[in-house]
Amino acid sequence: MARRHLQKLSILVGTGTAALIVAAVFFLVWPTKHETDLSAPQAQQLALAFAPQLQQGDLVFRRGRGFWSETFSDKAGSNLSHVGVLIHDQDGWGVVHAEADDLSLIGGVQRTPLALFLNGTALRHIRRIQMPEAAREKFVQNIREHLRRQTPFDTSLSLEDDATRVYCSELIWSAAQYAGIELARPRDLLGKSYITIDDLFFSPLLSVVSAQAH
């Protein structure tokens, strides 16, 4: 485990100033399995329970047990670590999100079936952005375009590259900006602007989407 931590730190140092900021701010922790984590059958059941209530463009927040999930969620007021956008296609409900490999940090925008996205999570929430339908269509259109392009993951955590590279919360924030919605305001950390999970989760424009009871 200690060797894995050192590998992670060396990769962070190699990614530039922004990564050094992250390394300085967030402590490295190692995940463990908890009995309360959602199993695959439970995730499938929850996805089915949510399905009748969902709309294109809804946000799915989660806390997992991966390396970065434990690292980032431990420092967030929401206790969450990742977020994606729901879209519906011929394969059913999927989550479009920006994610990178734990060690290599290589990744980008991808689609994951909703049940798989929920599998193994310690926490999960679905929220709806309150916006006009025309804005919602533009928001979803932009998210789909990122998926089509497979926009690379933004290891520099920069908001100044016109979303040519994105991290998870940046993907949603930039798509909302494209649709004319000010979902959250960037915060300054050591001279750089960031959009965090908490900035999105605590936005006054979000409303709760509840699973249908059985």
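When all heavy atoms of A184 and D199 are compared, the pair lying nearest together is CB-O, 3.5 Å. Contact record, F139 with I172: CE1-O, 3.6 Å, taken as the closest heavy-atom pair. Between D91 and R111, the shortest heavy-atom contact is CB-NH2, 3.9 Å. The two atoms that bring L80 and R63 nearest to each other are CD2-N, 4.0 Å, heavy atoms only. The shortest heavy-atom contact between A163 and R149 is O-NH2, 4.0 Å. The nearest pair of heavy atoms linking T151 to T164 is CG2-O, 3.3 Å.
Under the 4.5 Å side-chain criterion, counting only non-hydrogen atoms from C-beta, F61 is not in contact with S81. The shortest side-chain heavy-atom distance between R136 and R128 falls under the 4.5 Å cut-off. Between I181 and Q177, every side-chain heavy-atom pair lies at or beyond the 4.5 Å cut-off. Using a 4.5 Å heavy-atom cutoff, the side chains of T196 and R187 are in contact. The shortest side-chain heavy-atom distance between Q150 and V109 does not fall under the 4.5 Å cut-off.
In this structure, R62 contributes its side chain and F117 its backbone to a donor-acceptor pair below 3.5 Å. Side-chain N or O atoms of W93 include none that pairs as donor or acceptor with a backbone N or O of L86 at under 3.5 Å. Remark: the backbone N or O of Y167 is paired with a side-chain donor or acceptor of E170 at under 3.5 angstrom. E99 places no side-chain N or O within donor-acceptor distance of the main-chain N or O of C168, the cut-off being under 3.5 Å. Distance alone, capped at 3.5 Å, is enough to place a donor-acceptor pair between the D198 side chain and the S78 backbone. Between the side chain of Q42 and the backbone N or O of S39 there is at least one donor-acceptor pair closer than 3.5 Å. A distance-only check finds a donor-acceptor pair linking the side chain of S174 to the backbone of L171 [under 3.5 Å]. A donor-acceptor pair under 3.5 Å is absent between the side-chain atoms of N119 and the main chain of L116, judged by distance alone. Under the 3.5 Å distance criterion, the side-chain polar atoms of S169 are matched with a main-chain donor or acceptor of I195.
Once rounded to the nearest 0.5 Å, the distance linking CG of L59 with OG of S207 reads 9.5 Å. Taken from CD1 in I87 to CD in Q56, the straight-line distance is 7.0 Å, to the nearest 0.5 Å. Atom CD of Q141 sits about 4.5 Å away from atom OH of Y178, to the nearest 0.5 Å. Taken to the nearest 0.5 Å, the CD atom of Q110 stands 14.5 Å off from the NE2 atom of H146. Between the CZ atom of F50 and the CG atom of D58 there is a distance of 10.0 Å, given to the nearest 0.5 Å. Separation of atoms CG (L46) and OG1 (T121) is listed at 7.5 Å; rounding is to 0.5 Å.
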### Query
Checking side chain to side chain contact (heavy atoms under 4.5 Å, CB included) for the pair V60/R127: CA distance, chi angles, key distance, verdict?
CA-CA 7 Å; V60 188; R127 297 290 186 265; over 6 Å; no
### Query
Does the pair Y194 and L159 meet the rule for a side chain to side chain contact (heavy atoms under 4.5 Å, CB included), with working shown?
CA-CA 7 Å; Y194 299 90; L159 297 180; 5.6 Å; no
### Query
Going through the distances and angles, do I129 and L183 end up as a side chain to side chain contact (heavy atoms under 4.5 Å, CB included)?
CA-CA 8 Å; I129 305 172; L183 190 55; 4.1 Å; yes
### Task
Might you work through the side chain to side chain contact (heavy atoms under 4.5 Å, CB included) test for L206 and Q130, ending with a clear yes or no?
CA-CA 6 Å; L206 298 191; Q130 300 304 305; over 6 Å; no
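Within 6.0 Å of the CG atom in D162, the count of heavy atoms belonging to other residues, nucleotides or ligands does not exceed 12. Heavy-atom neighbours of E145 CD from other residues, nucleotides or ligands within 6.0 Å: above the threshold of 12. The number of heavy-atom neighbours closer than 6.0 Å to CD of E182, taken from other residues, nucleotides and ligands shown, is above 12.
Evaluation of the side chain to side chain contact (heavy atoms under 4.5 Å, CB included) rule for Q53 yields V209, Q212 as partners, not counting sequence neighbours. Remark: R185 engages no residue in a side-chain hydrogen bond (donor to acceptor under 3.5 Å, both in side chains) (not counting sequence neighbours). Every side chain to side chain contact (heavy atoms under 4.5 Å, CB included) that R165 has, sequence neighbours left out, goes to P152, D154, D161.
Note: F201 and H125 have tilted aromatic rings, judged against thresholds of 30 and 60 degrees for the angle between ring planes.
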